[in-house]
Each structure stands twice: as C-alpha cells, then as structure tokens.
Amino acid sequence: MLTLKYITENTDEVIARLAKKHFDGKEPIGKVVELDSKRKKTQAQLDACLSEINQLSRQVGDLYKQGKTEEANTLKTKTAELKEASKDFSASMDAIETEITDILLTIPNMPNPSVPEGVGAADNIVERMGGVIPEMVVDALPHWELAKKYDLIDFELGVKISGAGFPVYKGQGARLQRALINFFLDEAREAGYTEIMPPTVVNAASGYGTGQLPDKEGQMYHCNLDDLYLIPTAEVPVTNIYRDVILTEQELPIKNCAYTQCFRREAGSYGKDVRGLNRLHEFSKIEIVRIDTPEHSYQSLDEMIAHVENLVNKLELPYRILRLCGGDMSFTSAITFDFEVFSSAQKRWLEVSSVSNFESYQANRLKCRYRVDKKTALCHTLNGSALALPRIVAALLENNQTLEGIRIPKALVPYTGFDMIK
RNA sequence: GGAAAGGUGGUAGAGUGGUCGAUUACAGCGGUCUUGAAAACCGCCGUACCGCAAGGUACCGGGGGUUCGAAUCCCUCCCUUUCCGCCA
C-alpha cells in the first residue's frame with residue numbers, strides 16, 4: 001500500500017497519478033487525509049493523558065516508599081478518571097487507524113510516469129519484437145495434438161488423478177520440463193541470482209505481505225485444516241523472506257531466483273483460452289526477485305528485462321515485449337512489462353513473463369526497509385517470471401514441429417539430452 | 001498424536017510488581033594507539049508515532065484482565081524447541 005505520509009504530503013499528485021489506473025482517488029484520499037489529522041490530534045490527547053498517569057504513578061510509588069500512605073491513597077483516586085479518558089482516546093485511536101488502513105488497502109499503486117494511458121490490453125505498447133515467426137508445415141498441429149501424438153503430456157490422465165488443469169507429463173515431455181527448469185536456473189545463477197528453494201505452502205501473514213490477501217483470496221488454494229495457502233508464484237515465499245527486515249545498503253540489490261510449482265484456482269476463467277497448456281491450475285515457474293534502493297530499482301528492472309529477453313532469444317522463440325498501459329496493470333504494480341511468445345499453430349501471442357517494479361508499495365506492507373544514514377527507508381521490490389514453463393512448452397512444440405519430429409533448440413539440448421522429439 | 005519447557009533488542013542471555021526500553025557479553029559503527037593489522041582502551045549502537053524543538057507516547061509472541069503502576073501476576077490464543085510415538 002501507499003504510505004500515509006506520501007499521501008498527506010502529495011495529495012493532489014497522488015490523485016492525478018492514480019487516474020491513469022482509472023482509479024478515482026478523490027474521495028478515499030480526501031478521507032484518509034482528514035482521518036490522518038484526526039489521528040494526530042487524538043494521539044496528542046492520548047499521549048498527554050498517559051503521560052499524566054505515568055507521572056502520578058511515579059509519585060504514588062515515591063509516597064509509599066516514604067511511608068506517606070494516606071497521601072498516596074488520595075493521589076490514587078485521581079488516576080481513575082484519567083484512565084477512563086485514556087481508554088476512550090485509545091479506542092478512537094484504534095478505530096481511526098483501522099479505518100485508515102482499510103482505505104489504504106483499497107488504493108492501488110501509482111503508475112510510473114512512463115506508463116502509457118489506456119484501458120485494456122489493446123492499449124499496451126509494443127516495446128520491441130524479436131525472433132522469427134517460423135514458416136509452418138502444412139496442417140501444423142496445436143501443442144495439445146502434438147502432446148498426444150508424441151505422448152508427451154496426458155491431460156485426461158491428469159483429470160483422473162486431480163482434475164482439469166493438472167496435466168501429467170511423460171517421457172520426453174517430462175524430461176523437457178526438467179531441462180527447462182535447469183536451464184532457467186543456470187541462466188539465473190550466471191546472471192548473479194541466488195537460488196532459493198522455498199516452501200510452496202505459506203501462512204496468511206505471507207499472503208498479506210505480498211498482497212495476494214485479502215484481494216485475491218479466491219485465486220489461491222487454501223488448506224483449511226492448517227490455514228495455509230498453496231503459493232500462486234514463488235514471489236510470495238521469496239519476497240516474504242524480507243518481511244519485517246531492515247537491510248543495510250551494502251546488501252542491496254538482493255537478487256534471488258527460485259523454481260517452484262505454482263498453484264492457481266483460476267476461478268471463472270474457462271473457454272478456448274484454457275485449451276492445453278494455455279492456462280493450468282498447477283505449473284512450473286522460475287521467478288526472479290529483487291530488492292533494491294529507490295535510486296537503483298529502475299536499473300534493476302532493465303536488467304531483469306534483459307535477462308528474460310536473453311532467455312527467449314536462446315530458446316529461439318519469436319517474442320514481443322509489451323509496456324502495459326495503466327488500465328491493464330495489476331493493482332500493486334508501478335510498471336509492468338509483459339513478454340509474449342508467438343505460438344505458431346494456435347497463431348496466438350502467449351504471455352510467458354511479467355516483469356514489474358512495485359516500488360515501495362509492496363515493501364510498505366512487508367515492512368521491508370533499509371538503513372540510510374541513521375534512518376530507515378522502504379526498499380523497492382521487483383519480480384519477474386524467468387520463465388513460466390507451460391506456454392514456453394506450447395510455443396516450442398508448435399513452432400519447431402517438422403515432418404520428422406519436434407526440434408529442440410540448441411541451447412536446450414545439453415539439458416534434454418536429445419535434439420528431436422520423435 | 002502424547003508429554004514437558006520456552007517465547008525479551010542483530011545474536012547470545014539477565015531481569016518475578018515501581019526511574020526497565022530494559023543488566024551484560026558478542027557482533028556492528030566511530031575514535032585513541034600502530035608503518036599497517038591485531039590486541040587494549042574510550043564512545044555510539046532497537047523500532048514506530050506525535051511535536052518546530054525541548055520532549056512525550058507505545059512496543060519484552062498476539063489479545064484481554066488485575067493494579068496508582070506490569071517484561072514481571074492472572075486468563076486466553078498463537079508459535080517454537082526437546083523427548084516419546086508414527087513416518088518420507
């Protein structure tokens with residue numbers, strides 16, 4: 001969430017910038033500013049009250065020590081009404097603070113000035129494109145047909161074991177998964193990321209820390225008995241490492257990567273877009289996460305984009321990078337770049353990565369800070385997929401199909417141990 | 001699942017009703033000394049809110065209670081550790 005201080009000190013600017021996200025901030029922000037001044041007044045009264053009680057208590061103690069019991073008893077009665085008053089003040093203080101937090105949670109992050117105007121996917125800007133869209137053989141098959149033809153992925157078997165959206169990878173299909181995971185992790189390590197293997201089940205506090213809760217509660221699988229959530233992305237456990245942590249400037253930027261299975265309920269999204277590997281309930285993803293200073297975070301973002309671009313290049317996939325417009329960005333993001341690869345048989349662009357800078361929005365919830373001089377300041381947090389497997393696999397299968405089989409890109413062959421799927 | 005112990009500042013670890021936001025040690029930072037380093041010695045060394053400032057307030061796992069006054073007593077919830085059982 002945005003910080004109270006920034007909102008009260010830059011009220012008009014905040015409202016203006018939020019407009020790009022099509023969020024009308026006038027009312028909630030006006031309310032927050034009003035509540036904040038109320039909060040300050042109330043605290044002053046509360047503090048004065050408590051201060052007096054503390055003083056009286058000290059006097060009572062002294063009097064007892066001196067054996068002046070009667071005087072002490074008289075003083076005691078004085079504190080009774082002060083205590084009543086302090087209870088009232090502290091109750092309204094709690095109420096005000098709760099109200100402020102509740103409103104703050106409904107206010108999205110402000111887009112960076114370089115985010116384009118727009119309402120939806122059609123308004124995103126293509127930053128650049130790369131790779132070559134291949135000539136397709138006649139009767140090119142979509143990946144779900146190829147998966148069946150070469151016995152790589154069994155969707156029906158997944159339905160039997162778990163349900164729709166939980167495919168079973170087999171033989172060369174399974175080995176391709178493992179190869180991609182290792183390839184992505186090795187690339188990340190070479191780029192200076194520390195590999196993390198986090199839990200894939202997290203508590204509610206972690207869900208709140210990165211912002212999945214309370215907003216997207218319905219999108220996560222929840223284990224009722226233990227009140228734990230299956231992670232929708234490694235971002236959750238890996239970023240929460242730094243919840244309630246004060247870092248030193250020398251430790252920044254922190255660069256972590258992690259491979260995990262990701263679990264998403266995807267409630268309400270059915271139809272042709274979910275065919276095959278296009279949208280799953282469980283999938284593999286390698287995530288890169290960075291924690292940085294505000295001064296350096298945009299350079300970090302550029303490096304992350306370059307890292308992902310390098311990956312799709314090495315996989316020889318045709319891709320494009322989109323600068324998301326204000327209307328298409330997530331609630332918590334300040335700026336987002338999506339990577340899409342072209343899946344030549346489906347003739348569709350598939351999103352395979354989303355790289356975002358959250359600036360201090362997420363860090364404020366996490367209370368992830370670093371020390372500057374003698375004070376503390378909020379860090380910037382960033383993350384990006386590098387990469388999510390299913391749609392990469394979809395594009396690899398479709399784009400590289402030949403009459404002899406499916407060709408494996410050179411960079412991947414050392415990992416798969418085969419250069420053709422037959 | 002059964003039993004026990006315990007949750008205090010970066011870490012270790014004191015503190016059982018009254019200048020305790022908290023002894024001390026280690027780590028860290030600054031300095032003296034040294035050609036440099038080590039050692040020794042001196043100083044600093046939690047977070048947040050309110051306030052122009054002086055200063056005030058809160059926080060010793062969370063919440064509630066007793067009391068003039070609570071890290072310290074009571075209730076409750078959560079968590080961790082150890083032992084036993086089960087098990088990859």
Side-chain angles (χ1 to χ4, degrees), chain A residues 1-9 32-104 197-209 213-214 222-229 237 240-252 254 261 291 360 363-379:
Chain A
M1 54 189 178
L2 297 175
T3 63
L4 226 200
K5 200 172 172 202
Y6 195 86
I7 290 177
T8 53
E9 286 173 4
V32 162
V33 171
E34 180 195 321
L35 284 167
D36 186 51
S37 70
K38 221 163 127 189
R39 180 187 126 259
K40 289 180 181 176
K41 270 184 214 139
T42 309
Q43 186 176 344
Q45 291 170 305
L46 209 209
D47 284 358
C49 197
L50 290 173
S51 177
E52 206 167 329
I53 291 176
N54 287 342
Q55 266 181 31
L56 284 172
S57 302
R58 248 167 272 157
Q59 285 174 28
V60 171
D62 287 343
L63 289 173
Y64 272 126
K65 263 184 207 156
Q66 295 164 27
K68 298 178 180 166
T69 319
E70 261 180 52
E71 285 177 55
N73 288 337
T74 335
L75 262 190
K76 270 196 210 177
T77 57
K78 280 181 73 177
T79 57
E81 57 186 277
L82 278 172
K83 217 182 161 183
E84 278 307 306
S86 83
K87 271 186 181 166
D88 289 348
F89 286 134
S90 116
S92 56
M93 193 68 183
D94 285 350
I96 291 167
E97 281 178 339
T98 306
E99 203 179 339
I100 290 174
T101 306
D102 287 349
I103 296 172
L104 287 181
M197 191 177 278
T200 42
V201 177
V202 296
N203 56 30
S206 294
Y208 280 99
L213 294 174
H222 181 232
C223 310
N224 267 317
L225 225 46
D226 300 291
D227 194 21
L228 294 169
Y229 296 85
N240 269 283
I241 292 172
Y242 305 96
R243 170 155 47 91
D244 295 320
V245 167
I246 300 175
L247 298 152
T248 63
E249 204 164 352
Q250 298 81 48
E251 293 175 273
L252 301 173
I254 280 165
Q261 290 297 89
I291 316 275
S360 61
N364 188 31
R365 274 211 207 182
L366 286 165
K367 292 286 168 281
C368 173
R369 291 159 292 175
Y370 72 108
R371 219 171 280 285
V372 218
D373 302 322
K374 297 238 162 164
K375 304 186 96 176
T376 65
L378 291 170
C379 296

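Convention: sequence-line order gives letters A, B, ...; per-chain numbering from 1.
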Original post:
If the C1' atom of B/C83 is compared with that of B/U19, how far apart are they to the nearest Å?
Top reply: 44 Å
Subject >> Interatomic distance, A/E9 atom CD to A/I7 atom CD1 [nearest 0.5 angstrom] >> reply: 11.0 Å
Subject >> Atom C1', compared across B/U8 and B/G62: separation rounded to whole Å >> reply: 15 Å
Original post:
Any side-chain heavy-atom pair from A/L82 and A/L56 closer than 4.5 angstrom?
Top reply: yes
Original post:
A/Q66 has an atom CD; how far is it from atom P of B/C68, in whole Å?
Top reply: 19 Å
Original post:
Who pairs with A/D226 by side-chain contact (heavy atoms from CB on, under 4.5 Å), at least two apart in sequence or on another chain?
Top reply: A/L228
Original post:
With a non-hydrogen cut-off below 4.0 angstrom, is A/K83 in contact with a base, only sugar-phosphate, or nothing?
Top reply: base
Original post:
Taking the same atom, P, in B/U11 and in B/G61, what whole-Å distance lies between them?
Top reply: 14 Å
Subject >> Test ring-ring contact (aromatic ring centres under 6.0 Å, His included) applied to A/Y242 - qualifying residues, sequence neighbours left out >> reply: none
For residues 36-46 of chain A, please give each side-chain donor-acceptor pair under 3.5 Å, one per line with the distance, not counting sequence neighbours.
from: A/D36; atom 1: OD1; to: A/R39; atom 2: NH1; distance (Å): 2.1
from: A/S37; atom 1: OG; to: A/E34; atom 2: O; distance (Å): 3.0
from: A/T42; atom 1: OG1; to: A/K38; atom 2: O; distance (Å): 2.7
from: A/Q43; atom 1: NE2; to: A/D47; atom 2: OD2; distance (Å): 3.3

Original post:
What dot-bracket string describes RNA chain B from 5' to 3', counting Watson-Crick and G-U wobble pairs whose defining distances are under 3.5 Å, with [ ] for crossing pairs and | for pairs to another strand?
Top reply: ((((((((.[[[..)..(.....]]].(((((.......))))).(((((....))))).[[[[[..)....]]]]])))))))....
Original post:
Expressed in whole Å, how much space separates the P atoms belonging to B/G30 and B/U24?
Top reply: 23 Å
Subject >> Spatial distance of atom CG (A/L366) from atom CD1 (A/I291) [nearest 0.5 Å] >> reply: 7.5 Å
Original post:
Starting at CD1 of A/I53 and ending at C1' of B/A58, how long is that distance when rounded to a whole Å?
Top reply: 13 Å
Original post:
Starting at the 5' end of RNA chain B, which residue's closest nucleotide do you reach first, A/S57 or A/K76?
Top reply: A/S57
Original post:
Are A/N203 and A/S206 close enough that a side-chain donor and a side-chain acceptor fall under 3.5 Å?
Top reply: yes
Original post:
To the nearest Å, how far apart are A/E251 CD and B/G10 C1'?
Top reply: 11 Å
**OP:** Could you tell me the separation between the NZ atom of A/K68 and the P atom of B/G18, rounded to a whole number of Å?
**Re:** 20 Å
Original post:
Are the side chain of A/T79 and the backbone of A/L75 linked by a donor-acceptor contact shorter than 3.5 Å?
Top reply: no
Original post:
Can you tell me how far C1' of B/C45 sits from CZ of A/R371, to the nearest Å?
Top reply: 9 Å
**OP:** With P as the reference atom in both, quote the distance from B/G15 to B/A27 in angstrom, rounded to an integer.
**Re:** 24 Å
**OP:** Taking atom P in both B/A58 and B/G63, compute the distance separating them and give it to the nearest angstrom.
**Re:** 14 Å
Original post:
Is the shortest heavy-atom distance from the side chain of A/T69 to the side chain of A/Y64 under 4.5 Å?
Top reply: yes
Original post:
Over how many whole Å does the gap from A/L56 atom CG to B/U19 atom C1' extend?
Top reply: 16 Å
Original post:
Are any of the side-chain heavy atoms of A/L247 and A/C368 separated by less than 4.5 Å?
Top reply: yes
Subject >> Side chain to side chain, A/I53 and A/S57, heavy atoms closer than 4.5 Å >> reply: yes
**OP:** To the nearest 0.5 Å, tell me how far A/S360 OG sits from A/L378 CG.
**Re:** 5.5 Å
**OP:** For nucleotides B/G85 and B/A4, find the distance between their C1' atoms and express it as a whole number of Å.
**Re:** 15 Å
**OP:** Measure the spacing between CG of A/L104 and CD of A/E99 and express it to the nearest 0.5 Å.
**Re:** 11.0 Å
**OP:** Between protein and nucleotides 48-57 of chain B, map the contacts as a letter string: B base, S sugar-phosphate only, - none, heavy atoms under 4.0 Å, written 5' to 3'.
**Re:** SBSS----BS
Original post:
Between B/U19 atom P and A/K65 atom NZ, what is the distance in whole Å?
Top reply: 7 Å
What pairs of nitrogen or oxygen atoms, one from the protein and one from nucleotides 74-81 of chain B, lie under 3.5 Å apart?
none

**OP:** Whole angstrom is fine here: how far is it from CG in A/N364 over to P in B/U47?
**Re:** 17 Å
Original post:
Considering only the P atoms, how many Å lie between B/G55 and B/A70, rounded to the nearest integer?
Top reply: 24 Å
